[in-house]
Amino acid sequence: MARKRIIAQGAEALILQERNRIFKERVKKSYRLPILDYTLRRQRTRTEAKFLERARKIVPVPQVLSFSEYSITLEVLQGENLSSNLGKLKNKKEIAKQIGTNLARLHDAGIIHGDVTTSNMIYLKNKVFFIDFGLGFISSRVEDKATDLHVLKEALQAKHYLFVEELWSNIIKAYKEESAHASAIVKQLEKVENRGRYKKQY
C-alpha cells in the first residue's frame, strides 16, 4: 500500500505525494490561538483551492482533485521545476514568453500570485505551469500587479543571473503584448524598483 511521503515543507504547509496525487496540508501553529489557527487554515485552504480553479480557466495550473478544511489534493505534474532546470533548457526565450503571457492573463483577471518565482513554475509538455497560490489574492490595483512583476524580476536576478537579461526582456515583452493594462503596470513597476533602490541606500 502506497504511503504519503513529504517532498517539501514551507512555512504554512507540508507538501506530500502519494502516487499520482499531491497533498498540500496546512499545519497547525501552536503559537496561535486555537480558534484563530482553525479559522486561518480553513480560510487560506479554501481560498487557494478557489484561486487554482479560477486560474486553471486562464493559464496552465495543476488540477484540484479535492479539498477539505486544511488540505488540497492536486494532480502530480511530472515536469521540470524551472528553478532547478531552467539553466539547462535550450528554449529559454519561449519559456520566458510563456511566463510573461501567463502572468499578464492572471493579472488581467484580477489574480495576484503573490510569490512569482521559478520555484513555483513547472515546465511540462512545452507549457509553463504556475503552482502554489498560497499567497495569492484578488486585486485590481496596479501596485499589486507591479509588485508581482518586481518579485519575479528579483527572483530571476538571484537565481538565474547568468541569463537574467534575456529572460526578463522576453518576459516583459510578452507581458506588454498580452495585458490590456501593461502601460500603467510597467510604469508603476519602475516606481516600485526605485523605492527598493532608495531603501538600500539607507
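Just so we're clear, the structure is a prediction, and the values are computed from it rather than from any experiment.
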- prompt: Side chains of R195 and E190: closer than 4.5 Å at any heavy-atom pair?
  reply: no
- request: With rounding to the nearest 0.5 Å, note down the distance linking CG in L82 to CZ in F130.
  value: 9.5 Å
- prompt: Using 4.0 Å as the upper bound for N to carboxylate O, is an ion pair formed by K50 and E53?
  reply: no
query: How about E80 and L124: do any of their side-chain heavy atoms sit closer than 4.5 Å?
result: no
- prompt: Are E12 and R44 within salt-bridge range, i.e. N to O under 4.0 Å?
  reply: yes
- prompt: Just by distance, with hydrogens left out, do E75 and Q63 show a side-chain donor and acceptor under 3.5 Å apart?
  reply: no
Test: R105 and E178 ion pair at under 4.0 Å: yes
task: Calculate, to the nearest 0.5 Å, the distance between atoms CG and NZ belonging to L77 and K125 respectively.
output: 10.0 Å
- prompt: Got L86 and L167 here, is their nearest side-chain heavy-atom distance under 4.5 Å?
  reply: yes
query: Checking D148 side chain against G114 main chain: does a donor-acceptor pair fall under 3.5 Å?
result: yes
task: For the residue pair R5 and I7, establish whether any side-chain heavy-atom pair is separated by less than 4.5 Å.
output: yes
- prompt: Do S169 side-chain atoms and E166 backbone N/O form a donor-acceptor pair below 3.5 Å?
  reply: yes
- prompt: Hey, is the main chain of H107 close enough, under 3.5 Å, to the side chain of K145 for a donor-acceptor pair?
  reply: yes
- request: Measure the OG-CD1 distance between S179 and I172 for me, rounded to the nearest 0.5 Å.
  value: 9.5 Å
- request: Starting at CZ of R141, measure out to CD1 of I185 and round the result to the nearest 0.5 Å.
  value: 12.0 Å
- prompt: Within 45 degrees of the axis of the six-membered ring of Y70 and under 6.0 Å from its centre: does R26 put its NZ or CZ there?
  reply: no
task: Mind checking the CD1-CG spacing from I72 to L52? Nearest 0.5 Å is all I need.
output: 6.0 Å
- line: Which of K29, R42, R32 passes salt bridge (Lys or Arg N to Asp or Glu O under 4.0 Å) with D37? It is R32
- prompt: Taking atom types as modelled and ignoring hydrogens, do the side chains of H181 and D108 form a donor-acceptor contact shorter than 3.5 angstrom?
  reply: no
Identify each donor-acceptor pair in which a side-chain atom of residues 116-123 lies under 3.5 Å from a protein atom, sequence neighbours left out, and give them as a table.
from, atom 1, to, atom 2, distance (Å)
T117, OG1, S119, N, 3.2
T118, OG1, H160, NE2, 2.8
S119, OG, S83, OG, 3.4
N120, ND2, D115, O, 2.9
N120, ND2, D115, OD2, 3.1
Y123, OH, N91, ND2, 2.7
Y123, OH, N126, OD1, 3.4

task: Treat each ILVMFWY residue as a node, draw an edge where side-chain heavy atoms are under 4.5 Å apart, and state whether L89 and L152 are in one component.
output: yes
field: Gap separating the OG1 atom of T73 from the CD atom of E18, nearest 0.5 angstrom
entry: 9.5 Å
field: Stepwise side-chain contact (heavy atoms from CB on, under 4.5 Å) check, I111 with F133
entry: CA-CA 10 Å; I111 299 173; F133 283 71; 4.2 Å; yes
message: Testing the basics here: between I112 and S139, what is the closest heavy-atom pair and its distance to 0.1 Å?
response: CG1-CB, 3.8 Å
query: Below 4.5 Å, heavy atoms only, C-beta onward: do E69 and R41 meet side chain to side chain?
result: no
field: Closest contact, heavy atoms only, S71 versus T45
entry: N-CG2, 3.6 Å
query: Between E177 and K97, is there a side-chain N and carboxylate O pair less than 4.0 Å apart?
result: no
- request: Determine whether V128 and P60 make a side-chain contact, defined as any pair of heavy atoms from C-beta on separated by less than 4.5 Å.
  value: no
message: If the threshold is 4.0 Å, N to carboxylate O, is there a salt bridge linking E154 and K159?
response: no
- prompt: Would you say the side-chain atoms of K88 and N85 include a donor-acceptor pair closer than 3.5 Å?
  reply: yes
- request: Give a yes or no on whether the backbone of K4 and the side-chain of R19 come within a donor-acceptor separation of less than 3.5 Å.
  value: no
query: Under a 4.0 Å N-O cut-off, is there an ion pair linking K24 with E48?
result: yes
query: If you group Ile, Leu, Val, Met, Phe, Trp and Tyr by side-chain heavy-atom gaps below 4.5 Å, do L16 and V76 land in one group?
result: no
query: Do the side chains of R21 and L74 get nearer than 4.5 Å, heavy atoms only?
result: no
task: State, yes or no, whether a side-chain contact exists between I95 and K92 at a heavy-atom distance under 4.5 Å.
output: no
query: So, H113 side chain and D132 main chain: donor-acceptor pair closer than 3.5 Å or not?
result: yes
field: Connected via hydrophobic side-chain network under 4.5 Å: V164 and V151
entry: no
query: For the hydrophobic clusters of this structure (ILVMFWY residues joined by side-chain heavy atoms under 4.5 Å, transitively), does one cluster hold both Y175 and V142?
result: yes
message: Please tell me whether L65 and F23 are part of a single hydrophobic cluster in this structure, the criterion being side-chain heavy atoms less than 4.5 Å apart.
response: no
message: Restricting to non-hydrogen atoms, name the atom on A174 and the atom on T101 that form the minimum distance, rounded to 0.1 Å.
response: CB-OG1, 3.7 Å
